[in-house]
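Have a look at the structure below, then the notes.
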Amino acid sequence: MWLNDISDLVERLRTRGAHKLALQFPAGLKRRAAEYATQLMEAGFEVIISGDPCYGACDLALDTLSHADVLVHIGHTPVDVRENVVFEPYPVGFDIAVLANALPLLKEKTVGLVTTVQHIHCIPGMESFLRENGIDVRVADGGVRAPNRGQVLGCSFAAARATHAPEILFVGTGVFHPIGIALSTGARVIALDPLTGIAQDVSGDALLRRRFAVMEKAREAESIGIIVSAKSGQERMALAERLSVLSKKAVIVTMREVSPDELLNLGFACYVNTACPRLAYDDQVRFPAPVLSPQEFEILCGVRTWDEYAIDEIV
Ligand code: SF4
């Protein structure tokens, strides 16, 4: 299934005067790379595919683009302004009636609605469904990093916060986004997986308990590496520099891929992650040492209280 008619993409690329294309796919869509490349070559373009891992528009294949006129990035929306990059979302539809599964869990009359990029085209239909069921539904802008109404990312929950609703309905897969929304907004959060139809009440409490344990392990660390990503939309050097002055043991480390092996090789007793926020929250069990978020490091250094704990977002 193509996300769009290929002729639309071809037309846009021709309008830009592109001849040589760099193609980039997230992991789940990479198997379509050859098929996509073939169609674009048949349309008269030269094509190069980026084969590196890619998890978001924060990680553009600028090295591959250096050999092409335009980078076609599939599956995400832009997180910043880039010339010579064409973003192609990959819409995944579902039967809007599945929202009925979430209705029994919603306790408030006013509910904020958010989703991830692949379901963003379903927002109007979901709004209508919820209104028809007596809910005062609110959908807000996601800001620069998440440019669609109602769109959240694992590093940006602005569209949820901006609803100012006491309860948020997240429609999408996995629990990371709804946990992040709960911690970011303080609202009650209901998560609905539109593909399985499973609806659940999600809280950030278990994540907070795990993070507290990680912080305790980091407390006595003799060396601290502050990770700065080399990826286009993850680099937060200014934040890292501000954090590095909080401890004499801290050293800034730039990295492209933050992997367990690389952290083991570097040998720091603790790390502070300013790259993709999900690394610290999702992948801690894989890492050889505690990996703190910037806010957690601030708490350990005494410049933020535990009551001021906040989930890390890239703004
Ligand atoms: S920084 Fe992480 S959460 Fe944000 S867009 Fe990139 S991969 Fe996704």
Side-chain angles (χ1 to χ4, degrees), residues 24-30 50 52-63 71 73-82 85-90 92 114-120 141-148 150-161 170-185 189 191 202 204 207 211 226-240 243 254-260 262-263 271-284 286-287 291-296 310-315:
Q24 184 178 27
F25 302 82
L29 297 179
K30 240 179 203 146
S50 167
D52 283 329
C54 170
Y55 301 100
C58 56
D59 185 13
L60 297 176
L62 300 180
D63 48 350
L71 172 65
H73 180 99
I74 311 293
H76 302 114
T77 48
V79 297
D80 52 16
V81 179
R82 295 277 163 182
V85 183
V86 171
F87 292 90
E88 278 289 296
Y90 190 87
V92 177
V114 289
T115 187
T116 48
V117 64
Q118 63 268 39
H119 306 310
I120 210 73
D141 287 336
V144 174
R145 207 165 168 83
N148 294 289
Q151 182 188 358
V152 288
L153 294 169
C155 57
S156 176
F157 308 109
R161 269 195 309 281
F170 167 80
V171 179
T173 51
V175 291
F176 181 79
H177 291 85
I179 288 173
I181 292 163
L183 292 174
S184 173
T185 62
V189 177
V202 176
L207 178 78
R211 299 311 301 172
I226 301 190
I227 299 167
V228 177
S229 175
K231 295 183 179 180
S232 56
Q234 293 186 20
E235 183 262 298
R236 290 190 283 176
M237 182 59 88
L239 170 62
L243 295 172
T254 62
M255 302 182 77
R256 175 139 195 96
E257 294 298 334
V258 182
S259 69
E262 289 309 318
L263 295 195
Y271 294 89
V272 181
N273 172 50
T274 71
C276 172
R278 293 193 63 162
L279 285 170
Y281 303 122
D282 272 355
D283 294 346
Q284 180 62 66
R286 298 169 48 231
F287 290 134
V291 179
L292 302 178
S293 72
Q295 294 79 4
E296 290 162 355
I311 191 133
D312 186 27
E313 297 180 60
I314 301 181
V315 291

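Order of appearance sets the numbers: ligands from 1, and atoms from 1 within every ligand.
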Worksheet, complete the sentence: For G154, the ligand 1 atoms with a heavy-atom partner under 4.0 Å come out as 3 (S)

Worksheet item: Within a strict 4.5 Å, meaning less than it, do heavy atoms of the F170 and T116 side chains meet?
Response: yes

Practice prompt. Step by step, work out the salt bridge (charged side-chain N to carboxylate O under 4.0 Å, His left out) result for R236 and D312.
Written response: CA-CA 12 Å; R236 290 190 283 176; D312 186 27; 2.8 Å; yes

Worksheet item: Could you walk me through whether R256 and D52 pass the salt bridge (charged side-chain N to carboxylate O under 4.0 Å, His left out) check?
Response: CA-CA 11 Å; R256 175 139 195 96; D52 283 329; 5.8 Å; no

Worksheet item: Between the side chain of Y271 and the main-chain N/O of L263, is any donor-acceptor distance below 3.5 Å?
Response: yes

Discussion item. List ligand 1 atoms under 4.0 Å from R145, heavy atoms only on the residue side.
Written reply: 1 (S)

Discussion item. Just to confirm my output: which protein heavy-atom neighbour is closest to atom 8 (Fe) of ligand 1, and how far is it?
Written reply: Y55 O, 4.2 Å

Practice prompt. Considering heavy atoms of the protein only, find what lies nearest to atom 4 (Fe) of ligand 1 and give residue, atom and distance to 0.1 Å.
Written response: C155 SG, 2.3 Å

Worksheet item: Cut-off 3.5 Å, side chains only: do R161 and T185 have a donor facing an acceptor?
Response: no

Fill in: N/O donor-acceptor pair under 3.5 Å between Q151 side chain and A159 backbone
no

Worksheet item: For atom 2 (Fe) of ligand 1, does an N/O/S atom of C58 lie at less than 2.8 Å?
Response: no

Item to complete: Between S156, P26, C276, flag the one that comes closest to atom 2 (Fe) of ligand 1 by a heavy atom.
Response: C276

Worksheet item: For H76, is the nearest heavy atom under 4.0 Å from an atom of ligand 1?
Response: no

